[in-house]
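This is a predicted model, so every value here is computed, not measured. Letters A, B, ... are given to chains in the order of the sequence lines, protein chains preceding strands, and every chain is numbered from 1.
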Protein chains: 2
Amino acid sequence: MIAPPSATPVFQTIKDFLLREIQAGTWKEGDAIPSEAALAQQFNVSRMTVNRAVRELTSEQILNRIQGSGTYVAQQKYQATLVAIKSIADEIRSRGHAHRSELHELIEVEASESLAQQFQVEPGYRLFHSVIVHFENEIAIQVEDRWVNSALAQDYLSQDFASITPNEYLVAVAPLQGVDYSIEAVMPPKHIADMLHISNKEVCLVLHRKTRSQNQIATIVTMWHPGARYQFTGSF
Amino acid sequence: MIAPPSATPVFQTIKDFLLREIQAGTWKEGDAIPSEAALAQQFNVSRMTVNRAVRELTSEQILNRIQGSGTYVAQQKYQATLVAIKSIADEIRSRGHAHRSELHELIEVEASESLAQQFQVEPGYRLFHSVIVHFENEIAIQVEDRWVNSALAQDYLSQDFASITPNEYLVAVAPLQGVDYSIEAVMPPKHIADMLHISNKEVCLVLHRKTRSQNQIATIVTMWHPGARYQFTGSF
DNA sequence: GAGTGGTCTAGACCACAAT
DNA sequence: TTGTGGTCTAGACCACTCC
């Protein structure tokens, strides 16, 4: 049989059908849905077409498949809110505002006991340390305190961080493997408060992030934002 | 030709090949990669197999495809850090701790001017309002202040929020369409501080979330967490 | 052994872009 | 008109689960 011209592809029709039935409760979490063969017969299409529909729903975590056993409705997992945090320069630019950064420190250091532990290296290991303050329309909005694994970004010290952010440079040289992060609300130490031009009685919104690349810890960043004039926002 | 038994599927081999070449810089951002036909010939496989490899990389945002034109290397992945925020009950349970919640309010109200605006409805529209305090090992860790669109969750008032969280109920009745959120660090109003058993001099980490479902605003939540004992964490 | 999913083929027709 | 991707077929063999 030849594929008929149609507004929506058949595999999409099947996906929609399955989603609708799951939503309607025909099959509940953990239930098996009909086999590929059964669906192929029901829709009068080839098994490959059904396979694509079901495979895509599986990659979307709507279904689980077990070879030799069957296809099952996955557990609802919408309990999580995904928050995307963009790089500060992108964010400011996308608001149409002016971004400027001030380099406060850019040095090579030997890892202290505690840093070495966080980077999973020996004390004395070479690290780079940078401290940059980001301004939005000349108002300080982020202090970026960053430690960088020297092995993954040899040229870190010679970058011009007025024109490129550390993020942009690091993304280019060290493809991201994984990220650990935490967000907290804390009072800033005095030197951070000073750089943000706020009092150290004002709370900060802080993002900690540790990235892995090439099976090493690539960089550990702490980003301080004045709580009074900054929040993480976004949508999906 | 018959598919040979092999450790890794052919389409995966092709995906790996493409990823490696992109990583190596053979094709840079925006460059066209070889056509399906060319890859099929190069790997001596059918076009459908190549198609699957390329289609999956496209859904992973590694490639862009333009019908009639070609397949191109997508722009570098985001600088964005993705943060997943789980429901508080899940999170506490996954730490192996005891979760308990206290229902402080569960009523029907008519939307005020400002609420009506946020929900994009007329003032006077029926909304539900719940206030729940969540405890981890008997320590208050979240105040969940939630407004719910009555049209999307008619039975909201008759739920037993000791055994099911509002989230769990709402996920079941109103499939999620989209989310807006923001995270900020602020001082709590007194009634929130009281429920968390903290002073109103202690900062809170606050997550605001507005969800859409069936083309309406489904629910608007504000979650207050004591900054001293809570942070959002996770990894990818 | 029967049933399931996992993969692959060698064609086909279509829609669209570039020329 | 040529080349690209988008979709679909009607088979096939395989690995695995379950009985």
Side-chain angles (χ1 to χ4, degrees), chain A residues 1-19 21-22 26-27 29-75, chain B residues 1-19 21-22 26-27 29-75:
Chain A
M1 188 177 290
I2 293 165
S6 162
T8 61
V10 179
F11 78 87
Q12 186 61 54
T13 305
I14 298 175
K15 284 180 72 172
D16 292 343
F17 165 79
L18 293 172
L19 282 170
E21 294 296 301
I22 290 169
T26 307
W27 310 300
E29 293 181 12
D31 287 358
I33 70 167
S35 72
E36 290 192 356
L39 288 169
Q41 187 169 31
Q42 175 179 342
F43 284 89
N44 192 27
V45 297
S46 95
R47 205 192 117 202
M48 270 302 278
T49 302
V50 172
N51 179 271
R52 175 163 174 188
V54 177
R55 182 156 36 77
E56 290 193 0
L57 288 176
T58 302
S59 81
E60 292 163 26
Q61 318 246 319
I62 311 288
L63 299 172
N64 293 324
R65 315 199 79 180
I66 302 175
Q67 185 175 140
S69 172
T71 302
Y72 306 88
V73 179
Q75 304 304 309
Chain B
M1 187 178 291
I2 294 164
S6 161
T8 60
V10 179
F11 78 88
Q12 186 61 54
T13 306
I14 297 175
K15 285 181 72 171
D16 292 343
F17 165 77
L18 293 172
L19 282 170
E21 294 296 299
I22 289 170
T26 307
W27 309 300
E29 293 179 15
D31 287 357
I33 70 165
S35 71
E36 290 192 355
L39 288 168
Q41 188 170 30
Q42 175 178 344
F43 284 90
N44 193 26
V45 298
S46 96
R47 205 192 116 202
M48 271 302 278
T49 302
V50 173
N51 179 271
R52 174 163 177 188
V54 177
R55 183 155 35 78
E56 290 192 1
L57 288 176
T58 302
S59 83
E60 291 163 26
Q61 318 246 322
I62 311 288
L63 299 172
N64 294 324
R65 314 200 79 181
I66 301 175
Q67 186 175 139
S69 173
T71 302
Y72 305 89
V73 179
Q75 302 306 308

Of A:Ser69 and A:Arg47, the one whose closest DNA chain D nucleotide lies more 5': A:Arg47
Most 5' of B:Gly68 and B:Asn51 on DNA chain D, judged by nearest nucleotide: B:Gly68
Closest to side chain of A:Met48, choosing from C:dC8, D:dC8, D:dA15: C:dC8
Interatomic distance where CZ belongs to B:Arg55 and C1' belongs to D:dT4 [whole Å]: 16 Å
Residues forming a side-chain contact (heavy atoms from CB on, under 4.5 Å) with A:Thr26, sequence neighbours excluded: A:Glu21, A:Ala24
B:Thr49 vs C:dT9: side-chain N/O to OP1/OP2 distance below 4.0 Å: yes
Rounded interatomic separation in angstrom, taking CZ from B:Phe43 and C1' from C:dT7: 17 Å
Distance-only donor-acceptor test (3.5 Å): side chain B:Arg52, base C:dG6: no
Any side-chain donor near an acceptor of the partner, A:Arg55 and A:Asn51, under 3.5 Å: yes
Any B:Ser35 side-chain nitrogen or oxygen under 4.0 Å from OP1 or OP2 of D:dT4: yes
Separation of D:dT7 P from B:Gln67 CD (nearest whole Å): 8 Å
Sugar-phosphate only, base, or nothing, as touched by A:Val54 at under 4.0 Å among non-hydrogen atoms: nothing
Residue list, side-chain contact (heavy atoms from CB on, under 4.5 Å) with B:Thr49, at least two apart or on another chain: B:Val10, B:Phe11, B:Ile14, B:Val45, B:Ser46
Between C:dG3 (C1') and A:Ile66 (CD1): distance, integer Å: 14 Å
B:Gln12, CD atom: more than 12 neighbouring heavy atoms under 6.0 Å: yes
Whole-Å gap separating C1' (C:dG11) and CD (B:Glu36): 15 Å
Distance, rounded to the nearest Å, where B:Lys15 contributes NZ and C:dT7 contributes P: 10 Å
Between C:dC14 (P) and A:Phe11 (CZ): distance, integer Å: 19 Å
Atom pair OH (B:Tyr72) and CZ (B:Arg65), whose distance is rounded to the nearest 0.5 Å: 11.0 Å
Interatomic distance where CG belongs to B:Asn64 and P belongs to D:dG5 [whole Å]: 13 Å
